[in-house]
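Protein chains get the first letters and strands the later ones, always in sequence-line order, with residue 1 at the start of each. Atom set for the values below is all heavy atoms of this structure, side chains included, hydrogens, waters and symmetry mates excluded.
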Protein chains: 2
Amino acid sequence: MPKPKVSPRKRPRQARSTATVDAILQAATYILVKHGWAHFTTNRVAERAGVNIASLYQYFPNKESIVVELQRRHVESARPDNADAMAALQAKGSLRGKLGALIEASIDEHRAAPALHRVFAEELPRSARRTDPAREALVQATLKQLVSPFARNVPDLDLAVFVLRVAGHAIVHEAANQRPDLLARPELAGEIVALMERYLQRPSPSATPHPRKRNMRARPLSSHS
Amino acid sequence: MPKPKVSPRKRPRQARSTATVDAILQAATYILVKHGWAHFTTNRVAERAGVNIASLYQYFPNKESIVVELQRRHVESARPDNADAMAALQAKGSLRGKLGALIEASIDEHRAAPALHRVFAEELPRSARRTDPAREALVQATLKQLVSPFARNVPDLDLAVFVLRVAGHAIVHEAANQRPDLLARPELAGEIVALMERYLQRPSPSATPHPRKRNMRARPLSSHS
DNA sequence: AAATAATGTAAGCTAAAACTTGCTTTGCCA
DNA sequence: TGGCAAAGCAAGTTTTAGCTTACATTATTT
């Protein structure tokens with residue numbers, strides 16, 4: 001399989017052409033969000049952008065490259081936020097504070113453009129998706145650095161960090177896409193922090209493993225189907 | 001937009017034709033798993049199945065209907081497992097036992113056909129995806145029933161159940177798709193249970209909010225970036 | 001202001017992929 | 001064993017969508 005091109009075949013040099021490119025990307029965003037990848041065609045994008053299809057192909061070598069550029073601009077615009085979040089992270093001394101800053105940043109990012117975010121994460125085929133495994137690994141490592149000083153009675157820190165990372169992201173992502181009402185509520189971040197914090201800081205194993213005495217107050221009201 | 005048809009235009013009546021349908025579905029599975037939705041074409045499916053394209057269209061009105069049937073059979077085959085899991089759930093008295101049974105069932109389900117599961121969840125376009133919102137709501141309600149007797153100091157049970165449901169599923173799903181090594185490890189279920197259990201059973205609010213005395217042993221080794 | 005480069009567009013081409021038509025073969029049943 | 005319905009297939013048709021060619025227009029440079 002030949003690696004598909006991704007970089008534009010021509011760089012816009014005049015104001016006119018950068019406006020054209022912007023129009024194309026804006027139209028592409030609209031089509032993707034409104035109709036999904038299945039109906040995302042170059043002809044349609046060009047039509048909605050009000051530019052000729054041939055002009056589109058002057059700046060984008062193929063269909064995929066349009067959404068690649070969209071994703072590039074998307075993460076680009078999120079970078080300053082990430083920098084802020086990182087600074088805030090260093091400032092907080094407590095685990096709770098650090099986790100809170102992290103989650104808030106993630107929620108903000110999802111709030112910014114939830115529909116587009118969903119398309120990138122769920123709708124694109126693998127060929128057009130910018131999966132950056134290096135970035136994933138970096139996040140994993142950073143998170144591990146962050147939480148490791150606070151972990152108590154965690155048998156496998158790598159496993160725990162995986163659990164935390166996936167859970168945290170999934171909750172925010174799912175709320176953004178399926179339950180915008182939840183994303184809007186201020187308690188959400190606190191709940192995720194609680195989930196993570198208590199998972200990381202467990203009582204010493206000797207306290208729990210006594211099997212008797214466990215359910216002195218845990219009997220349900222009625223546990224029928 | 002006219003609702004696309006989904007039911008076969010002709011029901012197979014002889015053994016020969018049910019074999020044809022099976023061959024089509026098997027080929028469809030192969031193509032989907034191996035090459036993804038982008039390369040999933042009716043001609044290709046028919047070719048691999050060794051049946052004529054016209055025969056395919058005798059039993060499937062269109063391309064989408066093939067993967068819809070695939071999904072139908074998939075959940076069909078998972079149903080007995082679910083029944084078993086439900087029975088096991090009732091048997092366990094403790095929260096830990098119930099959660100453990102639930103997670104184990106989910107892990108088993110993902111272990112059974114991880115590649116196909118991934119395709120259904122991540123690769124299909126919305127038009128071909130069988131999202132059953134009623135089922136989602138049912139899961140949410142069932143889970144709430146299950147955990148509500150055990151929740152301690154949880155401010156909003158609905159929110160908490162959302163958090164649990166999404167986190168649990170995401171961890172298993174992500175492990176199945178990105179980290180098969182993790183899915184194979186027996187500790188995984190225990191970790192997820194720990195995450196859920198401790199999140200649900202929190203100390204009374206008056207115990208934590210003393211800000212001093214918090215970090216008597218939590219100072220990191222070295223917290224440089 | 002002429003030359004040249006950048007940008008824009010009308011009108012297609014092409015290949016692929018969804019889907020049909022018309023006919024033959026196969027199996028069931030009296 | 002002949003009649004009939006189910007099943008199968010060769011060879012299309014048609015539409016769609018990615019992409020190109022050849023030319024026209026607009027800006028920049030000297």
Counting only side-chain N and O atoms of [X], is one of them less than 4.0 Å from OP1 or OP2 of [N]?
| X | N | answer |
| --- | --- | --- |
| A:T20 | C:dG8 | yes |
| A:T42 | D:dG18 | yes |
| B:Y59 | D:dG8 | yes |

Q) Between B:H169 and A:E174, does any side-chain donor sit less than 3.5 Å from a side-chain acceptor? A) no

Q. Hey, are B:Y57 and B:T42 close enough side-chain-wise for a donor-acceptor pair under 3.5 Å?
A. yes

**Q.** Contact check, side chains of B:L188 and B:I171, non-hydrogen atoms, under 4.5 Å
**A.** yes

Q) Given side chains that start at C-beta, do those of A:E69 and A:R73 come closer than 4.5 Å, heavy atoms only? A) yes

Q: For A:Q71, look at atom CD and say whether over 12 heavy atoms of other residues, nucleotides or ligands are found less than 6.0 Å away.
A: yes

(Q) For the CD atom on A:E187, are there more than 12 heavy atoms of other groups (residues, nucleotides or ligands in this structure) within a distance under 6.0 Å? (A) yes

Length of the line joining [X]:[atom1] and [N]:[atom2], which is rounded to integer Å:
| X | N | atom1 | atom2 | value |
| --- | --- | --- | --- | --- |
| B:F40 | C:dA18 | CZ | P | 9 Å |
| B:Q58 | C:dT25 | CD | C1' | 13 Å |
| B:R11 | D:dA7 | CZ | P | 12 Å |
| A:Y57 | C:dA6 | OH | P | 23 Å |
| A:I66 | D:dA17 | CD1 | C1' | 12 Å |
| A:E47 | D:dC19 | CD | C1' | 17 Å |
| A:I53 | C:dC13 | CD1 | P | 17 Å |
| A:H39 | D:dT16 | NE2 | P | 11 Å |

Q.
Could you check whether the side chain of B:N52 and the base of D:dA10 have a donor-acceptor pair of N or O atoms closer than 3.5 Å, going by distance alone?
A. yes

Q) Hey, is the side chain of A:N62 pairing donor to acceptor with the base of D:dG18 inside 3.5 Å? A) no

Would you list the protein and nucleotides 27-30 of chain C atom pairs, both N or O, that sit under 3.5 Å from each other?
none

Q | SB check A:R118 A:E123 (cutoff 4.0 Å) | A | yes

Q) Of A:R44 and B:S55, whose closest DNA chain D nucleotide lies nearer the 5' terminus? A) B:S55

(Q) I want to confirm an ordering. Mapping B:R13 and A:A38 to their closest nucleotides on DNA chain D, which one lands closer to the 5' end? (A) B:R13

Q. Starting at the 5' end of DNA chain C, which residue's closest nucleotide do you reach first, A:T18 or A:A54?
A. A:T18

(Q) Please pick, from C:dA18, D:dG18, C:dT9, the nucleotide with the shortest atom-to-atom distance to any side-chain atom of B:N43. (A) C:dA18

(Q) Under 4.0 Å, heavy atoms only, any strand: does B:S17 hit a base, just the sugar-phosphate, or nothing? (A) sugar-phosphate

**Q.** Aromatic ring proximity B:F120/B:H74, centre distance under 6.0 Å
**A.** yes

